[in-house]
Every structure is written in C-alpha cells, then in structure tokens.
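I am attaching a structure below and will ask some questions about it afterwards.
No experiment lies behind these values; they were computed from the predicted model shown.
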Amino acid sequence: INGDDILIYTTGSILEEVYDAVEMLKQENISACLVNVVCLKPFNKEELIKKQKNYKMIFTVEEHNIYGGLGTIIAETLAYEGIGKKVCPIGLNDTFAITYSNYKNVRKANKLDAKSIYSKIKEVFVNYIN
C-alpha cells in the first residue's frame, strides 16, 4: 500500500491486522505506506534509507518484543546513517504476552489487533505533527 504521511514496516502474520489498521487510518485522512518485510536478515537498508525521505515518521509493528526485532533494526539503521527520523515501535514492550486463548483474543489482549494498532498510530502521529 502506498501513502504519503507515514511509513509502516511490519513482518509476519500480523500483516493482516496492520493492513486493516491502514484502511482505518485512511478514513481519518492519514495516508500510510505499508511495507511487509519478509526477511529480517539481511535487511535491505538501502530501501529504507531511500523510502524514509518521503515520510514524516516511521512505525514498526511486530507480534513480539519491540527490542531486538524489526523496530530495532530500523532504528539502528537510521541512527548509524545519521538520519534523525522518528520511529515508533508497536509490539510487546519488553514483556511476555498476556492471556491464553485463541490467536485473535491474544492479539486483542496485547493491543495488537487492528483497532489497537490504528489507535496507537493515530494518537502518536497526530501528537507528532501538532
């Protein structure tokens, strides 16, 4: 998905939730470019460096700890290149997932369902641009 305001990187089966969140953001006139990363290593840093220039900020969404995964790779890449772009990781915040249930309920309980992802992106983006 191509958009003009924000760049969202995601990986894994959470893609469907992120896609739905992007569709919700469209209703709020927030346009997002969604990138599905199919392989973390080796990471395509050249693509990130090129793409990030067109966006106000970057979000990463992953179904696990925000430390040591996709968000970290993107933040470190930008830092090593001297690019001061705001990166907002969405995932588990250095904790184990809560609850035991079916996959959909676990995502919702951990705020990794489409509505929660949409709400977080909207909140952070609106505060960032204001």
Just one of Val37, Thr10, Val18, Leu70 clears the side-chain contact (heavy atoms from CB on, under 4.5 Å) bar with Glu62, so which one?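 Only one option passes, and that is Leu70.
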Apply side-chain contact (heavy atoms from CB on, under 4.5 Å) to residues Tyr118 and Gln27 and explain how you reach the verdict. CA-CA 11 Å; Tyr118 151 80; Gln27 302 302 314; over 6 Å; no
So how far is it from Tyr128 OH to Lys86 NZ, rounded to the nearest 0.5 Å?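 Reported to 0.5 Å precision, the distance equals 7.5 Å.
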Supply the atom-to-atom distance Leu40 CG to Thr11 OG1, rounded to the nearest 0.5 angstrom.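 Output value for this atom pair is 5.0 Å.
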Considering all heavy atoms of both residues, which atom of Ile121 and which atom of Ile6 are nearest to each other, and what is their separation?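 Closest approach of Ile121 to Ile6, heavy atoms only: CG2-CD1, 3.4 Å.
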Same cluster or not: are Ile66 and Phe59 linked, directly or through other Ile, Leu, Val, Met, Phe, Trp or Tyr residues, by side-chain heavy atoms under 4.5 angstrom apart?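 Hydrophobic grouping puts Ile66 apart from Phe59.
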Is it true that a side-chain atom of Ser119 and a backbone atom of Lys115 form a donor plus acceptor pair closer than 3.5 Å?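 Confirmed, Ser119 side chain pairs with Lys115 backbone.
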Other residues, nucleotides, ligands: >12 heavy atoms within 6.0 Å of Lys108 NZ: no
Dump the intermediate steps for side-chain contact (heavy atoms from CB on, under 4.5 Å) on Asn29 and Asp5, then the final yes or no. CA-CA 9 Å; Asn29 294 318; Asp5 296 318; over 6 Å; no
Just how far is it from atom CD1 of Ile8 to atom OH of Tyr19, taken to the nearest 0.5 Å?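 So the gap between those two atoms works out to 12.5 Å.
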Reported NZ-to-CG distance for the pair Lys111 and Asn93, which is rounded to 0.5 angstrom: 11.5 Å
Start with the C-alpha gap between Lys122 and Leu25, add the side-chain angles, then the distance that decides, and say whether side-chain contact (heavy atoms from CB on, under 4.5 Å) holds. CA-CA 7 Å; Lys122 181 181 173 192; Leu25 290 165; 4.1 Å; yes
Has Lys120 got a side-chain atom pairing as donor or acceptor with Cys88's backbone, closer than 3.5 angstrom? no
Would you kindly confirm whether Val106 and Ile117 end up in one hydrophobic cluster when ILVMFWY residues are joined by side chain heavy atoms under 4.5 Å apart?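 Cluster IDs for Val106 and Ile117 differ.
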Pair Glu81, Leu48 - check side-chain contact (heavy atoms from CB on, under 4.5 Å), show working. CA-CA 11 Å; Glu81 296 296 321; Leu48 170 64; over 6 Å; no
Check: Gln52 side chain, Ile58 main-chain N or O, donor-acceptor pair, under 3.5 Å: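 Not a single qualifying donor-acceptor pair exists.
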Test of understanding: clusters of I, L, V, M, F, W, Y form through side-chain heavy atoms closer than 4.5 Å, transitively. Do Tyr67 and Val87 belong to the same one? no
Any Met57 side-chain heavy atom under 4.5 Å of Val124 side chain: yes
Heavy atoms only: give me the nearest Asp20-Ala114 pair and the separation to one decimal. CB-CB, 3.6 Å
CD1 of Ile83 to NZ of Lys53: how many Å apart, nearest 0.5 Å? 7.5 Å
Quick one: do Ile129 and Met24 end up in the same hydrophobic cluster if we chain Ile, Leu, Val, Met, Phe, Trp and Tyr together by side-chain heavy atoms under 4.5 Å apart?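 Yes; Met24 is reachable from Ile129 via cluster members.
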Closest non-hydrogen atom pair between Leu112 and Ser116, with its separation: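 Between these two residues, the closest heavy atoms are N-CB, 4.3 Å.
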Residue pair Lys51 / Tyr9, side-chain heavy-atom distance below 4.5 Å: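 SC-SC contact between Lys51 and Tyr9 confirmed.
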Rounded to the nearest 0.5 Å, the CZ atom of Arg107 sits from the CG atom of Asn105 at a distance of 11.5 Å
